[in-house]
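What follows is a single structure, written as structure tokens, with notes after it.
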Amino acid sequence: MEIKIFGTRCHKCNTLEQFTRAVVGEMGLDASITKVEALLDIINSGVIRTPALMVNGKLLVWGRVPEKDEIRQWISDARE
């Protein structure tokens with residue numbers, strides 16, 4: 001599973017990264033988690049607003065920090 005978190009080093013972006021890493025750890029998954037901070041890479045990925053979360057190439061949320069339960073559900077759905 002490939003997970004990308006898009007954002008700079010702002011509080012919301014860091015929170016999304018922390019939540020995502022916590023959920024992956026709680027689920028016991030073997031996932032590659034990458035934080036994308038370069039503005040050009042963020043734009044080229046189709047992200048309009050940060051923070052944003054992509055799982056297996058699918059952009060799931062942008063412009064807000066979702067709750068851990070939402071992240072858990074999206075990751076669970078991506079595994080199916």
Side-chain angles (χ1 to χ4, degrees):
M1 175 171 290
E2 182 181 10
I3 299 172
K4 292 184 180 181
I5 300 153
F6 297 89
T8 58
R9 295 183 178 139
C10 73
H11 176 70
K12 288 182 180 181
C13 298
N14 290 338
T15 301
L16 177 57
E17 181 180 16
Q18 291 170 357
F19 283 5
T20 302
R21 289 185 183 279
V23 167
V24 167
E26 291 165 7
M27 295 176 76
L29 299 177
D30 181 25
S32 169
I33 302 174
T34 305
K35 177 100 178 265
V36 180
E37 295 181 342
L39 186 56
L40 188 57
D41 293 337
I42 292 170
I43 292 168
N44 288 337
S45 295
V47 174
I48 298 169
R49 290 183 61 199
T50 61
L53 177 68
M54 181 181 283
V55 177
N56 292 337
K58 184 176 180 182
L59 191 58
L60 298 173
V61 68
W62 57 90
R64 69 180 181 91
V65 178
E67 297 294 326
K68 286 184 182 179
D69 288 338
E70 287 180 281
I71 297 169
R72 185 175 292 106
Q73 185 62 54
W74 293 328
I75 290 174
S76 181
D77 290 348
R79 293 176 63 200
E80 297 176 356

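We're numbering straight along the sequence, starting at 1.
Contact annotation: the side chain of Ile3 approaches that of Ile75 to within less than 4.5 Å [non-hydrogen atoms, C-beta and beyond]. Within the 4.5 Å cutoff, no side-chain heavy atoms of Pro51 are placed close to those of Glu17.
With values rounded to the nearest 0.5 angstrom, Thr34 atom OG1 is found 9.0 Å from Phe6 atom CZ. Taken from CD in Glu26 to CZ in Arg72, the straight-line distance is 5.0 Å, to the nearest 0.5 Å. With rounding to the nearest 0.5 Å, the separation of OG in Ser76 from CG in Asp69 is 11.5 Å. Remark: Leu60 CG to Met54 CE distance equals 8.5 Å, nearest 0.5 Å.
In the hydrophobic clustering of this structure, Trp62 does not group with Ile43; members are Ile, Leu, Val, Met, Phe, Trp, Tyr whose side-chain heavy atoms approach within less than 4.5 Å, directly or through other members. The hydrophobic cluster containing Val47 does not contain Leu39, counting ILVMFWY residues as joined when their side-chain heavy atoms lie under 4.5 angstrom apart, directly or transitively. Cluster membership check: Leu53 shares its hydrophobic cluster with Leu29, using side-chain heavy-atom separations under 4.5 Å among Ile, Leu, Val, Met, Phe, Trp and Tyr. Cluster membership for Leu59 and Val36, using ILVMFWY side-chain heavy atoms within less than 4.5 angstrom, is shared.
The shortest non-hydrogen separation linking Asn56 to Met1 is OD1-CA, 3.5 Å. Residues Val65 and Thr15 share a closest heavy-atom pair of CG1-CG2, 3.9 Å. Counting all heavy atoms, side chain and backbone alike, Lys68 lies closest to Phe19 at CE-CD1, 3.7 Å. Here the closest heavy-atom approach between residue Ile42 and residue Gly7 is recorded as CD1-N, 3.8 Å. Minimum heavy-atom separation, Cys13 to Ile5: O-CG2, 4.3 Å. In plain terms, the two heavy atoms of Leu16 and Ala52 that are nearest each other are CD2-O, 3.5 Å.
Between the side chains of Asp77 and Gln73, at least one donor N or O lies within less than 3.5 Å of an accepting N or O.
At least one donor-acceptor pair under 3.5 Å links the side chain of Asn14 to the backbone N or O of Arg9.
Within a 6.0 Å radius of CZ in Arg64, other residues, nucleotides and ligands contribute more than 12 heavy atoms.
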Before giving the answer on side chain to side chain contact (heavy atoms under 4.5 Å, CB included), spell out for Val61 and Ile71 the whole-Å C-alpha distance, their side-chain angles and the decisive distance to 0.1 Å. CA-CA 9 Å; Val61 68; Ile71 297 169; over 6 Å; no

